[in-house]
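Throughout, protein chains are lettered first and strands after them, A, B, ... in sequence-line order, and every chain is numbered starting at 1.
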There are 2 protein chains.
Amino acid sequence: MKKTVVRQSLKDQVKSILIDRMIDGDLAPGDRIKELQVAKELGTSQAPVREAIRCLETLGYVEHIPHVGAMVKTFNKSEIEEAYQVREALELHSTALIGELWDELVEELDEQLALMKAATKENNARKFTQADNQFHRAIVASCENDTMLSMWESLKMQVQVIATLVKASMPLDKIYLLHPPIVDAFRSKSRERASLLLKGHYKILSGYWANLK
Amino acid sequence: MKKTVVRQSLKDQVKSILIDRMIDGDLAPGDRIKELQVAKELGTSQAPVREAIRCLETLGYVEHIPHVGAMVKTFNKSEIEEAYQVREALELHSTALIGELWDELVEELDEQLALMKAATKENNARKFTQADNQFHRAIVASCENDTMLSMWESLKMQVQVIATLVKASMPLDKIYLLHPPIVDAFRSKSRERASLLLKGHYKILSGYWANLK
DNA sequence: CCGGTAATAATTATCGATAATCGAAAAAAG
DNA sequence: CTTTTTTCGATTATCGATAATTATTACCGG
């Protein structure tokens, strides 16, 4: 029984809080992040806030101009498209690399599929998006390459943007229907079929962001 | 004619210096990065050093333990293999995405191929590795996806490690020979052939790091 | 009223001091 | 002599003050 006390530095706490705010929409794209204001709100000094912002900047979630400050990154259409292309590359290659985890993957995919189905019935885009992300994450995780997975995860802000913008008009039922065949392909351990279906999924998705402003 | 004075913050300078040291080998994997020592050496205070370290940590080049400090990341065999798999994923997908830049790509590939050939004759592994990196970078750059390119580039430390470890025993002539067919495939605008040859290239490379340690 | 300049306010960037924590060394106990 | 506990030194983490920079506001002249 090792230590049970969990210690978290102020900078890490600030970082997490800021990321949560971005994901929740409390910090919107383009919003300024004022160091002293954040420090005051969170009851800390400027330095840990600056350090947290350095992390966010390096992750690409924040744009920083020297002596002007940091703003929540506004991803334009092209950047979002780029992120989805990278995501696709990682998922397809993960499909090519899967070693032993087919059954575990299928189990997870089934689980998320059920959550997506339920979200479709409730017309709950937020829940749908969450399950959809877990679905895709499971594919990348199944190739047991942590570098691949953490890279895939670092794109979460771009993915969040499209989820927010397209939320109102997203045809959940149609997107849902793209997924069961993918699960079946993984169930059959058919890399080629799974790849083909994933490509098709992404092609249809790219139709949605093509309609973005 | 806009401003010609280039201003660079201390934290950015510290970051660049530390990265250069890592690439040059002056900072080796496992080395401690002591904040006050670096600050003293570089004539600054602790804060910009800490900020620079936060960036390096987020990039994955440095491992940080709270209250213990930062060390240059030591990539183990598995992590290097992972990085090369991600690199392969990005290059293959870039090959699938190339739009208009075939001729520019081929021109750049020819150029780097010539540098690689010269480096082989001189048995200069450092020059060879540099040209080899530029070769692969050009492929990723040709799909005009900045997100893809910056992710590919963020793997440079892992690539640097293998270049250093394998340097003495790397059969430059054999690795060189993998490249001209790739260039020809791109010259013919054959995505499938280029992909196949790139896969082959990576398969042979994976033989080298399998022999590590 | 408009444009240019100067002053000011807000915020960022860095400094240097102090507090907190870990690991190493020294001391104590068995 | 070995193990455990305590102390100390080195280093990290944060604080709060000061310096530096940009954007905004105010003022003046044409």
Mind calculating the distance between NZ (B/K34) and C1' (D/dA13) to the nearest angstrom? 17 Å
Can you check the A/Q37 CD to C/dT11 C1' distance for me, whole Å? 11 Å
Considering every strand and a 4.0 Å limit on heavy-atom distances, what is the contact class for A/I53: base, sugar-phosphate, or nothing? nothing
Provide, to the nearest angstrom, the distance between the CG atom belonging to B/L10 and the P atom belonging to D/dA19. 16 Å
Mind calculating the distance between CE (A/M71) and P (D/dA23) to the nearest angstrom? 10 Å
Contact summary for A/I53 and A/A70, nearest pair of heavy atoms: CG2-CB, 3.8 Å
A side-chain contact here means heavy atoms from C-beta on lying under 4.5 Å apart; do B/Q160 and B/K156 qualify? no
For B/S45 and C/dC15, is the shortest distance between a side-chain N/O and OP1 or OP2 below 4.0 Å? yes
Using atom types as modelled and distance alone, determine if a side-chain donor or acceptor of B/N145 lies under 3.5 Å from a backbone N or O of A/E82. yes
Are B/T44 and C/dC15 close enough that a side-chain N or O sits under 4.0 Å from OP1 or OP2? yes
Sorted by position of nearest nucleotide on DNA chain D, 5' first, the leading residue of A/P66 and A/P48 is A/P48
Between P of C/dA13 and CD of A/E35, the distance in whole Å: 6 Å
Take the protein atom NZ of A/K15 and the nucleotide atom C1' of D/dA13, then report the distance between them rounded to whole Å. 16 Å
How many Å lie between CZ on A/R32 and P on D/dA23, as a whole number? 9 Å
State whether a side-chain donor-acceptor pair under 3.5 Å links B/H136 with B/E91. yes
May I have the distance from B/H67 (atom NE2) to D/dA13 (atom C1'), rounded to whole angstrom? 6 Å
Would you tell me if any nitrogen or oxygen in the side chain of B/H64 comes within less than 4.0 Å of OP1 or OP2 on D/dA13? yes
How close do A/T95 and A/F186 get, counting heavy atoms only, and between which atoms? OG1-CZ, 3.7 Å
Once you apply a heavy-atom cut-off of 4.0 Å, does A/R50 come out as touching a base, just sugar-phosphate, or nothing? base
If you go through the side-chain atoms of B/Q46, does one of them form a donor-acceptor pair with the base of D/dA13 closer than 3.5 Å? yes
